[in-house]
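A short worksheet on the structure shown next.
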Amino acid sequence: MFPNLGKDAGRFLVRDGESKWTAAEAREVAEQLLTESARLEEEIAAADLELSDFLRNSGEGAGDDQADYGSSALEREQELTLLNNTRDVLAQNKHALNRIGLGTFGTCENCEKAVGKARQQAFPRATLCVECKQRQERR
């Protein structure tokens, strides 16, 4: 999927004191993201199917009282929230994979300094360095 990863990995930014990315390290992160993306796509497909069945059958069942209806609405809301969270994580994974392909992996999207190799290895979806992330969270 990344034919130039060996060459691109050496261009990923690192912080002072960190060693440069090796092709093996970059490949490991990419494989981790690809594996997780495949798992998330399966989860989303299953959840979509389950939610469709739930919505299709929610109108059936004579005798549903207001409590049943409210309980069903709450369950549907929780399922939608979980599904949207999974979609967000999948989108972040795809963005990280795209950044690997573009050679911008490891570059903070806000200040364009190094995100930090250790941070990227621990959280490959990170797009901001620690300082920019802290600033973002204080807002």
Side-chain angles (χ1 to χ4, degrees):
M1 178 166 192
F2 302 105
N4 300 322
L5 190 57
K7 192 170 58 180
D8 291 343
R11 293 190 324 220
F12 295 163
L13 294 183
V14 293
R15 300 189 125 208
D16 290 340
E18 291 181 328
S19 61
K20 284 189 171 263
W21 282 87
T22 65
E25 291 168 336
R27 191 169 297 109
E28 183 180 327
V29 169
E31 286 174 5
Q32 179 185 348
L33 288 165
L34 287 168
T35 301
E36 187 178 5
S37 293
R39 182 185 59 77
L40 292 171
E41 285 174 352
E42 287 178 16
E43 269 185 41
I44 289 170
D48 274 339
L49 192 62
E50 191 175 305
L51 194 58
S52 293
D53 287 344
F54 183 76
L55 291 172
R56 192 175 310 117
N57 298 326
S58 64
E60 296 178 6
D64 283 352
D65 59 20
Q66 284 184 329
D68 292 337
Y69 186 75
S71 177
S72 293
L74 179 64
E75 186 178 338
R76 185 176 53 239
E77 190 70 31
Q78 288 174 331
E79 291 293 325
L80 283 170
T81 299
L82 291 173
L83 182 59
N84 286 334
N85 288 343
T86 304
R87 284 186 174 132
D88 287 346
V89 172
L90 178 60
Q92 291 172 8
N93 276 4
K94 288 183 175 182
H95 185 62
L97 288 165
N98 189 41
R99 288 167 43 91
I100 289 172
L102 294 172
T104 59
F105 188 74
T107 304
C108 177
E109 290 186 342
N110 188 46
C111 68
E112 299 185 357
K113 293 180 181 170
V115 170
K117 182 176 171 182
R119 178 169 164 75
Q120 291 281 214
Q121 287 176 317
F123 188 64
R125 294 185 300 267
T127 59
L128 301 176
C129 65
V130 171
E131 292 80 12
C132 289
K133 185 64 180 173
Q134 286 174 339
R135 243 181 271 128
Q136 181 190 54
E137 290 178 351
R138 274 188 244 135
R139 291 182 208 159

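Everything numeric in this text was worked out from a predicted model, so none of it was measured.
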> Any ion pair linking E79 and R76 (charged N to carboxylate O, less than 4.0 Å)?
Replying inline: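 Salt bridge flag = no for E79 with R76.
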
> Under the salt bridge (Lys or Arg N to Asp or Glu O under 4.0 Å) rule, what pairs show up with a residue in residues 129-139, not counting sequence neighbours?
Replying inline: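 Salt bridge (Lys or Arg N to Asp or Glu O under 4.0 Å) check on residues 129-139 returns R15-E131.
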
Approximate separation, where rounding is to 0.5 Å, of [X] [atom1] and [Y] [atom2]:
{"X": "I44", "Y": "L49", "atom1": "CD1", "atom2": "CG", "value": "13.5 Å"}
{"X": "C132", "Y": "E109", "atom1": "SG", "atom2": "CD", "value": "10.5 Å"}
{"X": "N85", "Y": "L80", "atom1": "CG", "atom2": "CG", "value": "11.0 Å"}
{"X": "L51", "Y": "L83", "atom1": "CG", "atom2": "CG", "value": "6.5 Å"}

Over all heavy atoms of both residues, which pair between [X] and [Y] is shortest? Give the atoms and the distance, please.
{"X": "R99", "Y": "T107", "result": "NH2-O, 2.7 Å"}
{"X": "G103", "Y": "F12", "result": "CA-CE2, 3.8 Å"}
{"X": "A96", "Y": "P124", "result": "CB-O, 3.6 Å"}
{"X": "L97", "Y": "A30", "result": "CD2-O, 3.8 Å"}
{"X": "A9", "Y": "T22", "result": "CB-O, 3.7 Å"}

>> Could you go through S19 and V14, starting from their C-alpha distance and side-chain angles, then the distance that decides it, and tell me whether this counts as side-chain contact (heavy atoms from CB on, under 4.5 Å)?
In response: CA-CA 7 Å; S19 61; V14 293; over 6 Å; no

Within-4.5 Å side-chain heavy-atom neighbours: [X] and [Y]:
{"X": "R125", "Y": "L33", "answer": "yes"}
{"X": "F105", "Y": "V29", "answer": "yes"}
{"X": "N98", "Y": "T104", "answer": "no"}
{"X": "V115", "Y": "T127", "answer": "no"}

>> Within a 6.0 Å radius of atom CD on E28, are there more than 12 heavy atoms belonging to other residues, nucleotides or ligands?
In response: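 No, because the 6.0 Å sphere around CD of E28 holds 12 heavy atoms or fewer from other groups.
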
> Taking everything shown except E112 itself, do over 12 heavy atoms lie less than 6.0 Å from its CD?
Replying inline: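 Counting other residues, nucleotides and ligands, CD of E112 stays at 12 neighbours or fewer.
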
> Can you name the residues that form a side chain to side chain donor-acceptor pair (under 3.5 Å) with E18, not counting sequence neighbours?
Replying inline: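 With neighbours one apart ignored, the set is empty.
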
>> Working note: E25 + K117, criterion side-chain contact (heavy atoms from CB on, under 4.5 Å); need CA distance, chi angles, decisive distance, verdict.
In response: CA-CA 10 Å; E25 291 168 336; K117 182 176 171 182; 2.8 Å; yes

> Side-chain heavy atoms under 4.5 angstrom apart, residues restricted to Ile, Leu, Val, Met, Phe, Trp, Tyr: same cluster for M1 and L5?
Replying inline: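 As far as the 4.5 Å side-chain criterion goes, L5 and M1 are connected within one cluster.
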
> Among all residues two or more places apart in sequence or in another chain, which pass the side chain to side chain contact (heavy atoms under 4.5 Å, CB included) test with S71?
Replying inline: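 For S71, no residue satisfies side chain to side chain contact (heavy atoms under 4.5 Å, CB included) once neighbours in sequence are set aside.
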
> Can you check whether C108's main-chain N or O pairs, donor with acceptor, with K113's side chain at less than 3.5 Å?
Replying inline: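 Answer holds: no.
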
> So, does Q120 use its side chain to make a donor-acceptor pair with the main chain of A126 at under 3.5 Å?
Replying inline: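 Side chain of Q120 to backbone of A126: a pair is present.
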
> Between D8 and F2, is a side-chain contact (heavy atoms from CB on, under 4.5 Å) present by the stated rule, with each step listed?
Replying inline: CA-CA 9 Å; D8 291 343; F2 302 105; over 6 Å; no

> How far apart are the C-alpha atoms of R39 and E43, what are their side-chain angles, what is the distance that settles it, and do they pass the salt bridge (charged side-chain N to carboxylate O under 4.0 Å, His left out) test?
Replying inline: CA-CA 6 Å; R39 182 185 59 77; E43 269 185 41; 2.4 Å; yes

> So Q121 and W21, side-chain contact (heavy atoms from CB on, under 4.5 Å) or not? Walk me through it.
Replying inline: CA-CA 10 Å; Q121 287 176 317; W21 282 87; 3.6 Å; yes

> Which of these, Q92, K94, R87, sits in a side-chain contact (heavy atoms from CB on, under 4.5 Å) with L90?
Replying inline: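 In the set Q92, K94, R87, the residue that makes a side-chain contact (heavy atoms from CB on, under 4.5 Å) with L90 is K94.
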
